[in-house]
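Only this structure's heavy atoms are used, side chains among them; waters, hydrogens and symmetry mates stay out.
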Amino acid sequence: MLLVDDEPRTLMLLAATLDNQELYEVLLAGDGDEALAVARQKKPDLVLLDVMMPKKDGYEVCRALKEDTATARIKVVLVTALAQQSDQEKATQARADSYFTKPFSPTELLERVQDLLS
Amino acid sequence: MSRFAQAPARVTRCRSAAFGLLAAAARPLDPRELLVALAGALVEALPHDEMFVLLLSEDGTTLHVGASLDDSGPLAACNVFRLEQCASSKALRENRIILRPDLQEEPIFLTDHHMLAAGLRSHLVAPLLVESERLGTLHVAHRQPNFYSEHDAEYLSEIAPHVARALHYAREAQDWKLQSERLRAMARGLFSIGPRPLSETMAGVLEVTADATGVPEASMFRHDEGSKTFILEAVTTPIPGLLERARPAVIFRLGEEQGLVGLVGATRQPLYVPDCYAEPRWKAARPEIRSAYMVPVVFGEHLYGVIRLLSERPDGISPEQRSVADTVAAYGGAVLENARLYEKQGHELELRRRQLATVSEAANQMVLGEDAGGGLQGLVDAARGLTAARYSTLAVWSHQGDLERLIVSGLTPAQQQRIEPSLEELGLLRLIKDERQRIRRNDGLLDVGRHEPAPDDAPIKGLLSVPVGYDRYAGAFCLAGKDGEAEFSAADEQLLTLFAALAKVFLENLALYGEMARERTTLASIQSSMTEGLIVVDARGQVSHLNEAAATLSGWALQDCLGKSIQEVTRLKAGDFESAKDSEALLDALSRAAKGPAMVEVTLLRPQRRQLVATAFPIPTPPAERMTGLLLRDVTEDREMKRRRDAFVSVAAHELKTPMTTIVGFAELLLHGDVPEATRRQWLEYMRLDTHRLATIVDDLLNVSHIQAGRLPVKIEHLDLRGVVENALTLIRPTMSAHELRINIGADIPRVTTDPEKLGQVMMNLVDNAIKYSPHGGPITISATHEPARKRCVVAVADQGIGIAPEDQAHLFTTFYRVRRPETERTRGTGLGLYIVKELLELIHGEVWVESEPDKGSTFFFSLPVGDPQKTKRTSHAGRGLT
């Protein structure tokens with residue numbers, strides 16, 4: 001599982017949430033380019049993507065993953081601070097598997113991820 | 001024994017022939033034809049051994065010889081009447097038959113020579129007379145001497161009167177024919193004289209007289225009533241230049257005895273002078289003239305002149321010719337009377353025409369518009385000119401009785417001042433102004449010049465005033481004073497009434513134009529001061545108006561659009577639109593406008609990128625001229641503001657939610673999970689940091705809201721700049737790792753007059769920005785310079801970061817503005833920092849500006865006042881809204 005966020009403390013939170021159960025192997029990336037590189041190399045089951053990131057934003061990374069047959073099967077969950085209709089539409093357009101808004105409950109996030117991977 | 005007496009049968013034949021001729025003569029035959037017939041008949045009637053010769057003449061020359069002579073030619077050439085002693089003359093003079101038994105025994109005359117030459121010896125001559133008219137002589141001759149006897153003479157004397165009468169009738173019939181032709185010619189001529197000037201008509205009458213009488217020379221002497229003389233007016237003559245030569249000399253006086261023309265004029269009776277040789281003067285001047293006839297041309301009491309006919313012929317001017325001349329003169333009088341009346345009427349018509357032309361000229365000046373061309377003055381001048389008034393005025397009083405307009409012609413300024421008082425003194429002002437009376441008096445009422453008369457001014461006698469029926473004002477009148485003895489006539493009053501009517505129209509025009517112009521000016525200034533663009537499209541779809549704002553917004557000049565259809569303009573300017581959809585949408589809105597306002601938003605790229613809300617709406621005008629308005633509102637700023645606010649909301653949400661996520665998330669993990677102490681501490685530290693971050697953002701937002709509400713308290717102190725700067729930076733120093741902070745504030749910098757808290761915030765923000773926008777590290781230098789002249793100190797914060805593009809620099813200090821560059825995407829900010837800096841500096845009387853070059857770095861400058869804090873008054877800071 002790959003967790004991507006440019007905010008170190010948010011990344012820490014995500015890691016703490018998902019790594020806590022020691023159910024998943026957790027990889028971390030600080031920006032979009034790094035995320036794509038890791039995803040292509042490690043082929044994680046799931047990518048948890050922050051939307052607002054410098055360089056490549058979450059939508060772009062998601063689209064890149066889905067367009068590449070090698071990474072298309074990877075489940076993508078977008079995490080955003082925005083909760084407007086347009087953002088949700090953008091997530092769907094980028095063919096994200098799921099969509100989360102900040103702030104989130106770690107418990108709920110865990111449940112969603114478990115659902116996606118089961 | 002005479003052969004005549006012995007031959008009664010021949011006599012009978014001869015008689016019957018003469019009577020047959022007589023009958024034939026009753027028909028109008030040519031006298032020559034008649035004579036040929038008569039001579040032939042007589043020769044036929046007499047025995048072959050006898051000769052019949054008929055000699056006839058009007059003027060003493062032979063007209064015809066009918067003869068059995070082999071050669072009658074020499075006889076025909078004889079002018080018997082010129083020879084006083086010849087037989088023909090004797091026969092006529094004595095009215096008897098002349099018997100000449102043997103020519104050789106007689107004194108020989110020219111005729112006799114010819115007869116002898118022809119072998120004739122015996123000769124009988126009978127006179128042909130009807131009453132006292134001499135028609136000619138009848139000659140009979142024979143080759144044998146002593147052939148004719150007294151009996152033959154008696155017989156011939158019996159025939160001769162019949163022959164004479166036959167000839168007379170024939171000639172008379174011929175004269176009737178001539179006369180009727182003359183009368184017809186006269187009538188034609190007189191009727192053909194149309195309404196022409198008198199002198200031309202006189203020449204015409206004369207010409208007709210000459211034509212109708214057949215007299216070659218005729219003259220018309222015009223009667224001049226003033227001088228009671230007759231002046232040669234016209235001459236018909238074959239002699240070239242006679243009139244020109246004669247005219248100055250030929251003047252007769254009425255009743256002058258020497259001049260027969262004058263006599264005829266005085267007596268008004270025609271005068272015939274059969275023998276001009278009796279007039280010695282005439283004989284000397286014109287020896288060829290034999291007779292003259294003069295007839296007066298009169299109509300009623302009016303003597304127009306005298307027509308004089310002159311003839312060179314010895315038998316003079318015949319009674320028929322004279323009668324024709326009398327008739328022509330009588331008709332001519334009527335024709336001339338007619339011409340005189342016409343001429344008089346023509347003068348009146350001409351006068352009328354000139355008056356109308358003057359009025360029309362004055363009216364022409366009344367073009368709709370301001371009275372710039374002096375139209376009213378022209379009117380008043382024309383009124384004066386046409387009525388021959390010494391002066392004229394047009395006065396207009398308001399309902400309050402104040403003189404609103406006074407237009408004067410022919411008065412000095414001092415005299416103008418006298419008009420109203422003079423009218424008042426005479427009690428006329430009330431009549432004119434209040435009762436609107438029409439006044440025409442010629443009793444010397446109004447002489448405004450009497451207080452200041454010009455040396456040659458005669459006293460004024462007349463006054464004419466006509467109301468101008470103009471409702472807008474209480475009274476408006478045309479006045480005119482007239483010179484000396486001259487009085488105002490009814491015609492003058494009519495004219496002035498006409499001018500008053502014109503003045504009314506003019507005044508109304510002026511008032512309407514004034515209203516229209518005012519309305520137009522108001523409308524124009526409203527339109528030009530509108531910030532919204534307004535385009536008006538007329539019923540034909542053509543652009544009829546484009547206000548300044550519309551021209552600025554669209555970049556379409558009025559002269560490029562006027563007269564073109566809006567479709568054409570849109571097509572021509574298609575390149576100005578961001579897309580074809582925009583121009584189509586605009587036209588669509590215009591086409592829908594008839595049903596109600598239609599709104600559309602379009603983006604123009606030229607003259608600069610602008611978003612416009614265009615509202616097409618119907619202008620309620622009559623259907624035939626249905627116009628459509630197109631209102632253009634520039635929403636570029638609004639849309640940009642909205643975009644920035646949307647961006648702000650999104651950034652603010654992200655900025656607020658990111659630390660919140662951490663705080664909420666770790667809190668939940670701490671609550672639910674069993675967490676090792678070290679981890680727990682770390683998580684709590686994360687939560688603390690993000691709480692602090694949250695607080696900062698909230699502070700920024702609060703600052704903005706306070707600034708915009710104008711509720712930020714200011715506490716001005718006199719402070720050491722370096723101290724404040726150092727103090728402000730203590731908070732920020734621990735967060736700096738890659739950057740070196742250099743502070744160059746020398747000891748020469750005086751104390752500044754400022755609010756330390758605001759200054760601290762400004763420093764914090766600027767240094768924070770310097771750090772954010774120099775991601776690769778590098779020194780950040782804070783320096784200060786003193787500008788004593790401007791009583792201020794300038795602080796500079798310089799970095800060596802990514803810099804700011806020139807197009808972004810202008811927007812830096814506005815709300816929500818964030819420079820969009822890939823490098824800045826990673827930086828965190830609300831887009832409020834520099835806005836806050838600017839607003840805070842304004843509160844403490846400072847200014848902020850920036851110098852920057854992309855990829856080289858930026859330097860932010862701000863100024864602070866230096867000097868006595870008492871003198872630096874805090875200016876009130878007005879609240880302002882976010883939008």
*Shortest non-hydrogen contact from B/Gly665 toward A/Pro106*: O-CG, 3.4 Å
*Rounded to the nearest 0.5 Å, what's the gap from CG on A/Asp5 to OG1 on B/Thr662? Could you check?*
8.5 Å
*For B/Glu578, look at atom CD and say whether over 12 heavy atoms of other residues, nucleotides or ligands are found less than 6.0 Å away.*
yes
*Set of residues satisfying salt bridge (Lys or Arg N to Asp or Glu O under 4.0 Å) with respect to A/Arg95, sequence neighbours excluded*: none
*asked:* Within a 6.0 Å radius of atom CD on B/Glu685, are there more than 12 heavy atoms belonging to other residues, nucleotides or ligands?
replied: yes
*How many angstroms lie between atom OG1 of A/Thr10 and atom OH of B/Tyr686, to the nearest 0.5 angstrom?*
11.0 Å
*Does the side chain of B/Trp683 reach to within under 4.5 Å of the side chain of A/Met12, using non-hydrogen atoms?*
no
Could you pull out every donor-acceptor pair under 3.5 Å between side chains of residues 56-68 of chain A and any protein atom, sequence neighbours left out?
| from | atom 1 | to | atom 2 | distance (Å) |
| --- | --- | --- | --- | --- |
| A/Lys56 | NZ | A/Asp33 | OD1 | 3.1 |
| A/Asp57 | OD1 | A/Tyr59 | N | 3.2 |
| A/Asp57 | OD1 | A/Glu60 | N | 3.0 |
| A/Tyr59 | OH | A/Asp87 | O | 3.4 |
| A/Glu60 | OE2 | A/Asp57 | N | 3.4 |
| A/Lys66 | NZ | A/Ala72 | O | 3.4 |
| A/Lys66 | NZ | A/Ile74 | O | 2.9 |
| A/Lys66 | NZ | A/Asp97 | OD2 | 2.8 |
| A/Asp68 | OD1 | A/Ala70 | N | 3.1 |

_Distance (rounded to the nearest 0.5 Å) between A/Phe104 CZ and B/Glu668 CD_ = 9.5 Å
*Heavy-atom check, side chain of A/Leu13 versus side chain of B/Leu669, under 4.5 Å*: yes
*Is the count of non-hydrogen atoms from other residues, nucleotides or ligands lying under 6.0 Å from B/Lys642 atom NZ greater than 12?*
no
*How far apart are the closest heavy atoms of A/Pro103 and B/Thr661, and which atoms are they?*
CA-OG1, 3.5 Å
*Atom of B/Arg693, atom of A/Glu7 and distance for their closest heavy-atom approach*: NH1-OE1, 2.8 Å
